[in-house]
Amino acid sequence: MSQAIDSIHGDQGQLSHEPHVAHHFESAEQQYDSAKLGMWVFLVTEILFFSGLFCVYAVYRSLHPEVFLYAHQWLDKGLGALNTVVLIISSFTMAWAVRNAQLGQKKALMINLTLTLVCAGTFMGIKAKEYSQKFEHGTTWGASFHPHDNAFGETHDGGELKKEDMPPNTQLFFSIYFALTGLHGLHVLIGMGLILWLLVRAAKGTFGPEYFTPVDIVGLYWHLVDLIWIFLFPLLYLIH
Amino acid sequence: MTSIPMPEEGTLTTKPVVDETNYLKSAYGIKSWLLTQDHKRIAIMYMIGIGIAFLLGGLFALAVRLELWTPTKTIVEAATYNKLFTLHGAIMTFLVLVPSIPAILGNFVLPMMLGAKDVAFPKLNLLSFYLWLLGAIGFVVVLFAGDLDTGWTFYAPYSIRTQTAVALAATGAFILGFSSILTGLNFMVTIHKMRAKTMGWFRMPLLLWGLYATSVIQIVATPVIGITVGMLFLEKLFHIGFFDPKLGGDPVLFEHFFWFYSHPVVYVMILPAMGVISEIITAMSRKHIFGYTFIAFSSIAIALFGFLVWGHHMFVSGQSSLMSTIFSLLTFSVSIPSAIKVFNWLATMYKGSISLAPPMLFAMGFLFLFGIGGLTGLFLGTLNTDVHLHDTYFIVAHFHYTMMGSALIGLIGGLFFYWPKIFGRMYSHLLGTISFILIFVGFNLTFIPQFLMGSMGMPRRYYNYPPEFQAYHQWSTVGSFVLAAGLFTALWCFIHSLFRGEKAPDNPWGAVTLDWKTSSPPHHHNFDIVPPVTDPYDMDDVYWDEESKGYISRSQQAALQELAAGVSGTQEKNS
Ligand code: HEM
Ligand SMILES: [Cu+2]
């Protein structure tokens, strides 16, 4: 009976001609193409998932431009820019890691994956610092938005925020800020988990010129996460 | 169930025989089902799961109908009534109709129609079943712990204010959305990458065009409902305020998001059904399908146009009249591809030699009911009539003609069509015919009165009503019980077939697509040798064989003979 069960558990079924090729594929190429197309389609769904929030952003920014102009000054452009740089570097190391996997350079692969992971961690660290600032100031989402006195005064780039200038519905900005960056942060965390998984498999020597699909598709995912941030940064931090 | 053998604990003396040529016998034990990656077994698990959900949703519907027997309280309190129709709607849409045909019939036949051994991602396929199950459990928990009274539409701001389990239901809907996306993704990649070598796009059976168009919608629309229920969840738990006017939000924005998904999703329900109908009508009329390319492209057109009409649900929401006019115009345009299909089916039947076996009865029922459902859609797409009809029983009747009368009848017809292939058993045509008659009569009896009272102004979702509507409500309730009797007859017909049915031939209907060119039930890996790809509707390819009481494919026979003679031509040995 266990034999019978093994044979339905496809992956290493005795039917496949090459290792890593599941029984229902005819060739490694067909399998690779399928995985890659599958990942692209998945990325499309990710973009649409975020697009709901981008839509909310567009609607409320066009309805209440003054809220965005005022409230964005609470965000720290410096930290935002730093995070952008960190993520771009991580995309670079990730792309390099894919190359390493294709060439079978195990050590370089592990180094690059580790660097990517470090960058992602740095990003989350900086994000956490920004979040904690918001909580200290009481500038959080929706119903919980009650800016304390310490929230007003000098801004990060030398301007001045006055309490009496605050437009109505300012809480909407922070609802959007937390929803967008929170969802993005969640994706970074998932990405970190995936990269960790790649690292473990890389250490076992799974990847090489014959088989690098997981590195490739996690790479695609990571670039998307990076790209979304590249949109978030100007939309939230750089408003004129 | 005799044809799904499972060893009984302890009593087993001889091991059941493992038979690779029959997927039902290729492995035994509960684990070989629960952990299977075989698309055919996953299809059967979906069949059971969706069947149970359908039963539950149906019982809620009967309770709603009973309550409406009298103008005032009949059997339940008003609050319970709200919960009953909400759960009915939510279960029927999210748990039954959205997954139904793709997950059951699509899963079973898609790889076989392509000449493939499985879908591209078997593990994801299994995951998507378990996500469905998780979502279903979520809804059952909602049922017992907290209830839901928002209607299946979750409209804000009521959904924000109500004390019922909106957050949990939103989580359930989110998980179900994930399941739907994974199925769509899997099918799309499978169709792109796993077609038999000589199968071009225009040699694909039309069901696959329908499933492909469906997966486009699932992939593009579902993430949007995902984020929408996600926002609703944040609204409930953290009062984020996107849809809450008290916090500067806009409830109409929720309606836009909701219908951006929920209009296209009606095509997720109908397109696969249309695919099934295309297969049934050509096989049962013994004629090549009329207008293959038109039917194929109209599926794609419906999928694309379907994204541009959501505003027709919001004509009275205060959206600008310019927008309403444009949405109205686009709504009319989307009915063109649907009509193209209907005309092509009729032309296929014209001068065909039509068999009135149960699948064809359901297909013809579909034509009739979809005709009514689609044409009444035009009344609703017209701005001035919709102002009168919006939120009345007319809407309820319209979408039941399309969702139940068309999508679900398509599923049942498809089950009658593919049943011999799935379980290798024939069923009683008499029982099938009786079930069809009961379903068809019961259905019309239920919903024609609803059209009438709706056009007279009876609002939907009301607990009490003026006495002059009582006769209509009572006819409708009687109809719903006839309908239920018909559905139970169909169930009985299927169960009876499992135990008593004659052994089915490989190809009882004379269909030409590849899924009929394997044994019934199919080989564990679908085919011993992948049959040659032909025009999927070339009826000359098959002939009736009195001995096996089924049809035999000439091209397949020729290929096998060639192979036997050692001249392996274009064939490829499969396992
Ligand atoms: C193809 C299958 C179809 C399905 C499954 C379907 C389903 C539905 C559903 C579920 C609703 C209302 C839901 C609610 O308010 O809770 C609805 C409303 C509507 N349908 Fe359809 N429909 C279909 C075809 C059509 C067609 C072909 C048209 C027009 C050409 C159409 C036009 C409309 C309009 C205008 C409304 C909104 C009416 C209102 O709320 O005032 N539908 N449909
Ligand atoms: Cu619609």
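The figures here come from the full heavy-atom set of this structure, side chains too, leaving out hydrogens, waters and symmetry mates. Numbers restart at 1 for each chain; the letters A, B, ... are given by sequence-line order, proteins then strands.
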Checklist entry - Who wins among A/T140, A/L53, A/I47, A/V67 for the most heavy-atom pairs under 4.5 Å with chain B? => result A/L53
Item to check | Minimum heavy-atom distance between A/L48 and B/I219, given as atom pair plus value | outcome: CD1-O, 3.9 Å
Item to check | Over 12 non-hydrogen atoms of neighbours within 6.0 angstrom of CH2 in B/W201 | outcome: yes
Checklist entry - If you measure from CD on A/Q30 to NZ on B/K193, what distance do you get to the nearest 0.5 Å? => result 9.0 Å
Next on the checklist: For a quick test of reading the model, state the closest non-hydrogen atom pair linking B/I181 to A/T45 and the distance between them.
Outcome noted: CG2-CG2, 3.9 Å
Item to check | Residue pair A/S34 / B/M194: nearest heavy atoms and the distance that separates them | outcome: OG-SD, 4.5 Å
Item to check | Closest non-hydrogen atom pair, B/L247 against A/Q171 | outcome: O-NE2, 2.9 Å
Next on the checklist: Tell me whether A/F231 at atom CZ has more than 12 heavy atoms from other residues, nucleotides or ligands lying less than 6.0 Å away.
Outcome noted: no
Item to check | Inter-residue atom distance A/L37.CG - B/M188.CE, 0.5 Å rounding | outcome: 8.0 Å
Next on the checklist: To the nearest 0.5 Å, what is the distance between CD1 on B/I240 and CZ on A/F145?
Outcome noted: 13.5 Å
Next on the checklist: Does B/D250 form a side-chain contact (heavy atoms from CB on, under 4.5 Å) with A/Y60? I'd like the steps, not just the answer.
Outcome noted: CA-CA 9 Å; B/D250 185 352; A/Y60 289 123; 3.5 Å; yes
Next on the checklist: If I measure from the heavy atoms of chain A, does B/V119 come under 4.5 Å with its side chain, its backbone, both, or neither?
Outcome noted: backbone
Item to check | Polar side-chain atom of A/W141 near backbone of B/F238 as donor-acceptor pair, under 3.5 Å | outcome: yes
Next on the checklist: For the CD atom on A/E29, are there more than 12 heavy atoms of other groups (residues, nucleotides or ligands in this structure) within a distance under 6.0 Å?
Outcome noted: no
Checklist entry - Are A/C55 and B/F257 close enough that some pair of their side-chain heavy atoms sits under 4.5 Å apart? => result yes
Next on the checklist: With side-chain contact (heavy atoms from CB on, under 4.5 Å) as the criterion, how do A/I176 and B/F242 come out once you've worked through the C-alpha distance, each side chain's angles and the decisive distance to 0.1 Å?
Outcome noted: CA-CA 8 Å; A/I176 291 171; B/F242 290 154; 3.5 Å; yes
Next on the checklist: Would you say CZ of B/F258 has more than 12 non-hydrogen atoms from neighbouring residues, nucleotides or ligands within 6.0 angstrom?
Outcome noted: yes
Item to check | Step-by-step side-chain contact (heavy atoms from CB on, under 4.5 Å) determination, B/L185 to A/F42 | outcome: CA-CA 7 Å; B/L185 185 151; A/F42 180 72; 3.9 Å; yes
Item to check | Contact winner vs chain B - A/P168, A/A35, A/S51, A/G38, heavy-atom pairs under 4.5 Å | outcome: A/G38
Checklist entry - Ring centroid separation for A/H24 and B/H525, is it under 6.0 angstrom? => result no
